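Computed from a prediction, not measured in an experiment: that's the story for all the values here.
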Amino acid sequence: MDSTQTRYIFVTGGVTSSLGKGIIAAALGRLLKARGIRVSIQKLDPYINVDPGTMSPFEHGEVYVLEGGAETDLDLGHYERFIDENLPAEANVTTGRVFSEVIARERRGDYLGKTIQTIPHITNEIKRRIRLAAQQSGAEVQIVEIGGTVGDIEGLPFLEAIRQMRVDVGRERVMYIHLTLLPYLEATGELKTKPTQHSVKELRGIGIQPDVIVLRSDKDVPDELRDKVSLFTDVRREAVIPAVTSDTIYSVPADLEDHGLASLACTHLGLIDATPDLSEWRALAAKVRAVKPSLRVALVGKYVELHDAYKSVAEALLHAGLAENVDIDIAWIDSENLERGREDDWRRLREVDGIVVPGGFGHRGIEGKIQAARYARESGVPYLGLCLGLQIMVIELARHMLASDEANSTEFDPGTEHPVIDLLPEQVDVTDMGGTMRLGAWPCRLIEGTRTAAAYGRPLIHERHRHRFEVNPAYLDRLQAAGLVVSGVYTERELVDVAELRDHPFMVGSQFHPEFKTRPLAPHPLFQAFVAASCAAAGIGAARETAATVGGVSATQPTRVPAPNNGTTIATEPTVDRDRSDTGREQRAPAPADPSDPAP
């Protein structure tokens, strides 16, 4: 669609951060798409970083990679999962990116010697990027979330830019939604509207009158409070929408539909308010809430204190669990604690039905992940390695093959005697950290007869990458002789993109990040295969009426699974006692903490 006809919905937040603007934006996008309207969503982030790529996950959660390779805020994962669309590169705009562009233009002389100011130069660049995102996506409606909270000094240029958009494109093509908090006072048993009143007053002082107010609350919002908010904010009563805390984010679209949010948007923007079919989403929410067998999965990482650092991994496990009719009970295990031999963490690891080792950078916690991979290999516990998780699997197998702890990645030990993981030649002289990796979707040719190919059911896939290091081709022959099966390769360079272990119930690692392409109604094949294998190992699949078939073997036959490429079967009972307290490996001294850990 011509961007000159695009409608814009701007979502702002007040009172406090982390209220769920991203979920509200994503859910509204889902409702509009269900009406046959083409939708895209954009996030404007006020921080001065050019993108989140070099930020620690403790600062901002996971870095979400788009199809085109842009490193973005985790909210874009919610957007893509809810509206089931791949977003364009301009879907995430930061202050750093805006300022970089304006300064570059000034240095080139593009402004013809004029004084560069916030208004109009910075605000014009923000508006240009909003329109560019709409043009790239071809959307009829562009939903734009403004990060942070109204009143934050760094967010003022973005708020001024979206205020100007109503004048630029016409009032009938712009809608403002403001999300605020209704705090509950235990002492009086009341929800208080005063913070909302002040937040709207702040927004109006900037020149923005909200068309809709969404009230976030942990308690039901009585009608008289909606009337009061309407009176004090000059917003129609039917446009004051309650958003009560839900037990699952996947019920939010139906909840907002029941309160008429999308109909309000269609009426305001002059769009046809068709009747949406939300039956699949209502069924999804019901399935999340249904009582199901519990599957215990360990997520072994070094950022586990902040679960948002692995948000897409957790969502991918949830989606796969729903497809296999199990609840996923994630055990968040700090890999540094495994290094230190902390018995409580080892006990929790020995109790799980499957192990996931996700992505990450830096040497901190690596040895603990390697020990977890060894435990999975020796004990027959299903294992899924994501990006770094593949490299960990290869390092552990190489140490076993060579009977030496010297096998390593040059990322963690530049002088290692056996660099089984190494930089590509073109990466050796790269010094900048931001945006210089193998990023975005790349083609991968799957090898027939492997467990991975069976999971996907097609020979060619495109998956999203975010890494510099690769499996060293010089060691491939020896690794394959030791049991490594290459199950997918990058088509242009024959680089290892997916590998698995022969004679193991399920030990698969991908150089890419499959979690970025999961959808609630379409779980990612690798995650579903992993969950199905974990169910089989735990004996859960036998209780289900409908068997899931993974790699040609029904999940209702939990005692035997296929070993790829050799036509034989092996028992899933571990060859090593899963309850042993000894890890079976000499403990290496834990690596010192890396204070500059970038995002995974």
Side-chain angles (χ1 to χ4, degrees), residues 7-29 31-32 35 141 143-146 148-151 155 159 162-163 165-167 170-185 188-246 251-271 273 276:
R7 278 81 163 172
Y8 299 92
I9 299 175
F10 296 104
V11 181
T12 58
V15 182
T16 182
S17 59
S18 303
L19 289 181
K21 294 191 302 296
I23 298 298
I24 296 297
L28 177 56
L31 296 178
L32 294 176
R35 287 166 162 79
V141 174
I143 301 173
V144 183
E145 177 195 349
I146 291 80
T149 305
V150 170
L159 294 174
I162 69 170
R163 182 196 69 78
M165 284 290 291
R166 175 168 272 184
V167 177
R171 301 179 65 85
E172 71 284 354
R173 286 174 48 203
V174 171
M175 182 178 189
Y176 299 112
I177 297 176
H178 190 53
L179 174 66
T180 74
L181 174 69
L182 289 184
Y184 179 77
L185 298 185
T188 60
E190 292 179 297
L191 289 168
K192 306 302 288 186
T193 65
K194 189 62 71 177
T196 293
Q197 295 175 42
H198 282 291
S199 179
V200 174
K201 181 181 178 181
E202 181 85 20
L203 193 61
R204 293 170 77 175
I206 297 169
I208 297 173
Q209 166 63 44
D211 301 298
V212 173
I213 293 178
V214 179
L215 302 173
R216 275 285 286 110
S217 171
D218 291 330
K219 305 286 184 179
D220 288 335
V221 180
D223 288 343
E224 54 266 29
L225 257 66
R226 296 175 65 189
D227 293 335
K228 184 176 181 180
V229 169
S230 173
L231 176 66
F232 280 92
T233 61
D234 199 25
V235 173
R236 291 179 302 157
R237 196 264 191 195
E238 62 268 25
V240 179
I241 307 291
V244 180
T245 300
S246 175
S251 71
V252 175
D255 294 342
L256 294 180
E257 176 65 22
D258 293 341
H259 285 99
L261 178 59
S263 293
L264 284 168
C266 289
T267 301
H268 183 94
L269 298 173
L271 297 168
D273 186 16

Check: Pro210 and Val235 side chains under 4.5 Å, non-hydrogen atoms: yes
Distance in Å, Leu182 CG paired with Leu225 CG, rounded so as to fall on 0.5 Å steps: 6.0 Å
Student check: side-chain heavy atoms of Ile208 and Tyr176 closer than 4.5 Å: yes
Pairwise distance CZ(Arg163) to CD1(Ile206) - rounded to 0.5 angstrom: 10.0 Å
Polar contact flag, side-chain donor to acceptor under 3.5 angstrom, Ser199-Thr180: no
Pairs flagged by salt bridge (charged side-chain N to carboxylate O under 4.0 Å, His left out) wherever residues 198-216 is involved - sequence neighbours left out: Arg166-Asp211
Exercise: identify the closest heavy-atom pair between Met175 and Ala265: SD-CA, 3.6 Å
Val229 vs Val221, side chain to side chain contact (heavy atoms under 4.5 Å, CB included): CA-CA, chis, key distance, verdict: CA-CA 11 Å; Val229 169; Val221 180; over 6 Å; no
Donor-acceptor contact below 3.5 Å, side chain Thr267 vs main chain Ser263: yes
Interatomic distance, Ile162 atom CD1 to Ile146 atom CD1 [nearest 0.5 angstrom]: 4.0 Å
Atom pair CG (Leu179) and CD1 (Ile241), whose distance is rounded to the nearest 0.5 Å: 12.0 Å
Cys266 SG to Arg7 CZ distance, which is reported to the nearest 0.5 Å: 10.0 Å
Single hit among Val174, Leu32, Val212, Val144 for side-chain contact (heavy atoms from CB on, under 4.5 Å) with Ile9: Leu32
Under 3.5 Å: donor-acceptor pair, side chain of His259, backbone of Val240: no
Could you pull out every donor-acceptor pair under 3.5 Å between side chains of residues 11-29 and any protein atom, sequence neighbours left out?
from, atom 1, to, atom 2, distance (Å)
Thr12, OG1, Ile177, O, 3.4
Thr12, OG1, His178, ND1, 2.8
Lys21, NZ, Gly148, O, 3.1

Approximate separation, where rounding is to 0.5 Å, of Thr193 OG1 and Leu181 CG: 11.5 Å
Over 12 non-hydrogen atoms of neighbours within 6.0 angstrom of CG in Asp220: no
Tyr8 versus Leu269, closest heavy-atom pair with distance: O-CD2, 4.3 Å
